[in-house]
Amino acid sequence: MKKSDLVAGKHVVQYRDGRFRFVRNYGLLFDSDGLQCHSLDVYDERLNEENGCKTLDIVALYELNEVWKREDLTISEDEKAILRNLPDHYEWIARDENSTLYIFRDKPKKKEFTWFVGFGSRCLNLFDHLFKMVKWEDDEPWKIEDLLKLDVKKDG
């Protein structure tokens with residue numbers, strides 16, 4: 001990437017010292033509070049600060065269209081109905097590495113390929129295609145009562 005590739009409103013740059021700046025019109029760099037910090041005029045084509053201030057060298061570039069955006073979790077009416085109809089003593093739900101869904105009485109611990117609890121678990125493999133928010137990659141199992149609090153998915 002070089003200076004001439006930077007596009008106003010599309011790129012965010014990161015200085016060597018870790019700070020981020022937005023590229024705005026006329027090659028101006030602004031902080032997150034909207035204050036102008038620098039101009040791209042003080043950079044050579046390789047994005048080095050021309051006055052020798054190494055901490056202001058641009059070392060990374062991010063495109064705004066790649067910024068992470070939170071996706072609000074929702075649950076379907078069917079998923080909610082299934083959870084409401086489970087026996088009350090099941091309080092946890094988790095998915096094993098092979099995508100099989102389980103419910104648990106006690107909070108399970110994540111092991112190498114599965115969630116484990118001494119006793120009190122049931123397989124829900126009939127519903128493996130549901131509850132997509134429950135993933136093997138989760139660090140913790142889901143509390144069923146928390147899933148029941150989620151908003152219902154809107155058709156669309």
Side-chain angles (χ1 to χ4, degrees), residues 1-84 91-104 107-116 124-125 127-156:
M1 182 64 65
K2 51 190 190 246
K3 181 168 86 170
S4 58
D5 294 328
L6 296 178
V7 177
K10 182 178 180 184
H11 290 121
V12 175
V13 298
Q14 183 178 6
Y15 294 153
R16 188 176 304 281
D17 67 5
R19 291 179 292 164
F20 291 88
R21 299 293 183 248
F22 294 91
V23 179
R24 302 278 302 267
N25 292 334
Y26 312 111
L28 300 176
L29 299 172
F30 285 78
D31 69 12
S32 61
D33 292 329
L35 300 174
Q36 181 181 339
C37 298
H38 293 95
S39 168
L40 288 174
D41 291 341
V42 299
Y43 291 89
D44 64 21
E45 191 60 18
R46 295 186 61 214
L47 300 172
N48 296 310
E49 204 274 343
E50 290 182 334
N51 294 323
C53 184
K54 292 285 187 199
T55 59
L56 296 179
D57 287 350
I58 294 173
V59 297
L61 177 78
Y62 302 91
E63 287 193 24
L64 288 175
N65 63 352
E66 296 179 8
V67 172
W68 172 80
K69 183 179 176 189
R70 179 180 306 278
E71 187 175 317
D72 290 330
L73 291 176
T74 58
I75 191 168
S76 71
E77 282 291 351
D78 292 339
E79 291 167 332
K80 217 168 223 195
I82 292 165
L83 294 178
R84 279 193 204 112
E91 296 184 28
W92 300 91
I93 187 169
R95 191 177 300 275
D96 282 350
E97 185 180 48
N98 67 4
S99 296
T100 304
L101 201 60
Y102 286 88
I103 53 173
F104 304 88
K107 185 176 180 181
K109 302 266 188 231
K110 192 172 188 178
K111 299 295 183 182
E112 189 175 357
F113 303 106
T114 187
W115 290 88
F116 178 78
L124 290 181
N125 60 350
F127 304 114
D128 285 346
H129 64 290
L130 298 174
F131 303 100
K132 295 296 184 192
M133 75 290 282
V134 179
K135 299 177 172 85
W136 167 247
E137 294 78 20
D138 295 336
D139 292 327
E140 294 287 326
W142 285 82
K143 191 114 170 105
I144 290 173
E145 71 181 35
D146 292 341
L147 289 176
L148 286 168
K149 293 175 187 173
L150 293 176
D151 291 332
V152 174
K153 292 178 188 172
K154 294 182 177 45
D155 293 333

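Taking every heavy atom of both residues into account, Val134 and Arg95 meet most closely at O-NE, 2.7 Å. Of all heavy-atom pairs between Phe30 and Gln36, the closest is CD2-N, 3.4 Å.
Partners of Trp92 by side-chain hydrogen bond (donor to acceptor under 3.5 Å, both in side chains), not counting sequence neighbours: none found. The side chain to side chain contact (heavy atoms under 4.5 Å, CB included) test applied to Asp146 returns Lys143, Lys149, not counting sequence neighbours. Annotation: side chain to side chain contact (heavy atoms under 4.5 Å, CB included) contacts of Leu83 (sequence neighbours excluded): Ile75, Leu86, Ile93, Phe131, Ile144, Leu147, Leu148. With sequence neighbours excluded, the residues forming a side-chain hydrogen bond (donor to acceptor under 3.5 Å, both in side chains) with Glu140 are Lys107, listed by chain and number. Partners of Asn25 by side-chain hydrogen bond (donor to acceptor under 3.5 Å, both in side chains), not counting sequence neighbours: none found. With sequence neighbours left out, the side chain to side chain contact (heavy atoms under 4.5 Å, CB included) criterion links Leu73 to Met133, Trp142, Leu150. Residues passing the side-chain hydrogen bond (donor to acceptor under 3.5 Å, both in side chains) test with Asn48, sequence neighbours excluded: none. In this structure, the side chain to side chain contact (heavy atoms under 4.5 Å, CB included) partners of Lys110, at least two apart in sequence or on a different chain, are Trp115, Trp136.
Here OG of Ser99 is found 13.5 Å from NE2 of His129. Values are rounded to the nearest 0.5 Å. Interatomic distance, CG of Leu124 versus CD1 of Ile82, reported as 8.0 Å (0.5 Å rounding).
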_Worked check of side chain to side chain contact (heavy atoms under 4.5 Å, CB included) between Leu64 and Phe22_ = CA-CA 9 Å; Leu64 288 175; Phe22 294 91; 4.2 Å; yes
*Could you walk me through whether Leu101 and Asn125 pass side chain to side chain contact (heavy atoms under 4.5 Å, CB included), step by step?*
CA-CA 6 Å; Leu101 201 60; Asn125 60 350; over 6 Å; no
*Intermediate values then yes/no, side-chain hydrogen bond (donor to acceptor under 3.5 Å, both in side chains), Asp96 and Thr114*: CA-CA 5 Å; Asp96 282 350; Thr114 187; 2.7 Å; yes
_Quick one, Cys37 with Asp31, criterion side chain to side chain contact (heavy atoms under 4.5 Å, CB included). Give me CA distance, side-chain angles, the key distance, then yes/no._
CA-CA 7 Å; Cys37 298; Asp31 69 12; 3.8 Å; yes
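Applying the salt bridge (Lys or Arg N to Asp or Glu O under 4.0 Å) test to residues at least two apart or on different chains, none of the pairs has a partner in residues 37-52.
Side-chain polar atoms of Asn98 and Thr100 form a donor-acceptor pair below 3.5 angstrom.
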Ignoring hydrogens and angles, write down the donor-acceptor pairs under 3.5 Å from the side chains of residues 9-21, residues two or more places apart or on other chains.
{"residue": "His11", "atom": "ND1", "partner": "Val7", "partner atom": "N", "Å": "2.9"}
{"residue": "Gln14", "atom": "OE1", "partner": "Tyr62", "partner atom": "OH", "Å": "3.1"}
{"residue": "Tyr15", "atom": "OH", "partner": "His38", "partner atom": "ND1", "Å": "2.9"}
{"residue": "Arg16", "atom": "NE", "partner": "Lys54", "partner atom": "O", "Å": "3.2"}
{"residue": "Arg16", "atom": "NH2", "partner": "Asp57", "partner atom": "OD2", "Å": "3.2"}
{"residue": "Asp17", "atom": "OD1", "partner": "Arg19", "partner atom": "N", "Å": "3.1"}
{"residue": "Asp17", "atom": "OD1", "partner": "Arg19", "partner atom": "NE", "Å": "3.3"}
{"residue": "Asp17", "atom": "OD2", "partner": "Arg19", "partner atom": "NE", "Å": "2.8"}
{"residue": "Asp17", "atom": "OD2", "partner": "Arg19", "partner atom": "NH2", "Å": "2.7"}

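Side-chain atoms of Tyr43 come within 3.5 Å of backbone N or O of Leu56 as a donor-acceptor pair.
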